[in-house]
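Every chain is numbered from 1 and lettered A, B, ... according to where its sequence line falls, protein lines coming before strand lines.
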Number of protein chains: 2
Amino acid sequence: MSKKTYTISELASEFDITTRAIRFYEEKGLIQPAREGRKRVYSTADRARLTLILRGKRIGMSLDESMEIIAMYDPDHGNRDQLKELLGRVQERQLSLQTQLEDIQATLESLNDVEQRCRKALGQHDQQGEL
Amino acid sequence: MSKKTYTISELASEFDITTRAIRFYEEKGLIQPAREGRKRVYSTADRARLTLILRGKRIGMSLDESMEIIAMYDPDHGNRDQLKELLGRVQERQLSLQTQLEDIQATLESLNDVEQRCRKALGQHDQQGEL
DNA sequence: ACTTTAAGTTACGTTAACGTAAACGTCAAT
DNA sequence: ATTGACGTTTACGTTAACGTAACTTAAAGT
């Protein structure tokens, strides 16, 4: 059962962000840690949310977008219409993520090209870094 | 030989951005279109740069980062040390792009999950949208 | 009692990436 | 000659995502 709860600075150092950032996410409604008196107490669920937020950031999503995706996980969408709407948003996201994936692959290919030319000009071939 | 030159609004509508944005990229030194009098004239090379910039944006890169990558393409790095430095930066980029790729794949998987649950709750199975 | 140490609140500052508006030039068509 | 459709420069405005004080409170150790 791992650890169950975390303090703000634990999470901050684990994810290498500032406590200010974490509180900011809270202001924005992305996380709602419990309180012990005035201290914030983070659950593993909060930690999971943070993971999603930061993953989102790495792929260029805004906080609002991350929040949307997070919201997709919990099942508060009771009726059929809401579900259909959700499904629609999910599919849109999937499409744009697909584009992103291709963009990254294209960029990686170009960089591979650059890399090869560098190595060639340096007289190396395909070494992995042997000093 | 396609078309050779473009006006600013041609590019703007092609890439679906404003002319203001294009001029902004110029201010930032990302593109240097030729001039005919005071009019900007964009070459296919400029167009290619725009492509890179926008691809960069889609994967969450800043303009500075895009500029770095663009700079990697042209061979103005005469000496060995510069080449080694370049190679280093290229490899760093490749690593972070790799991470991004994995982040996207993870997100896609999660969304697939959400999608399946939606469909299940809606009583569908794996249709592609047949109205 | 005193001092770290960690947390909190409040509020203003900052950077990036444009948007928007004002005011003007240019050329073709009416 | 004027009206648009495009282009230009200059400059101020805006939003997101925090950073950076500045100050306070609470808990823990010596």
Taking every non-hydrogen atom, the tightest pair across B:S9 and B:T19: CA-CG2, 4.3 Å
A:R40 with A:E26: basic N within carboxylate O range, under 4.0 Å: yes
Any protein N or O atoms within reach of nucleotides 23-25 of chain C? Criterion: under 3.5 Å, listing atom names and distances.
none

Whether over 12 other heavy atoms sit under 6.0 Å from B:N79 CG: yes
Residue pair A:Y73 / B:S110, side-chain donor-acceptor N/O under 3.5 Å: yes
Pairing of B:R55 and B:E65 as salt bridge, 4.0 angstrom limit: no
Sugar-phosphate or base contact per nucleotide [nucleotides 14-21 of chain C; S, B, -; heavy atom under 4.0 Å]: ---BBBB-
Interatomic distance where CZ belongs to B:R23 and C1' belongs to D:dG7 [whole Å]: 7 Å
Angle between terminal axes - the helix from C:dA1-D:dT30 to C:dT30-D:dA1, 5 pairs each end, rounded to 10°: 10°
For atom CZ of A:R40 and atom P of D:dA26, their distance in whole Å: 15 Å
Worked verdict on A:R20 versus A:E27 for salt bridge (Lys or Arg N to Asp or Glu O under 4.0 Å): CA-CA 10 Å; A:R20 177 69 184 86; A:E27 286 175 31; 3.6 Å; yes
A:L86 and B:C118, any side-chain heavy atoms less than 4.5 Å apart: yes
hydrophobic_cluster_shared for B:M72 and B:I70, side chain cutoff 4.5 Å: yes
Validation row: A:L50, A:Y25 side chains within 4.5 angstrom (heavy atoms): yes
For atom CD of B:E36 and atom C1' of C:dT26, their distance in whole Å: 14 Å
Beyond-backbone contact of B:I104 with B:I59, side-chain heavy atoms, under 4.5 angstrom: no
Interatomic distance, B:E27 CD vs D:dC12 C1' [rounded to whole Å]: 13 Å
Any side-chain donor near an acceptor of the partner, B:Q94 and A:E115, under 3.5 Å: yes
Under 4.0 angstrom between A:S9 side-chain N/O and C:dA7 OP1 or OP2: yes
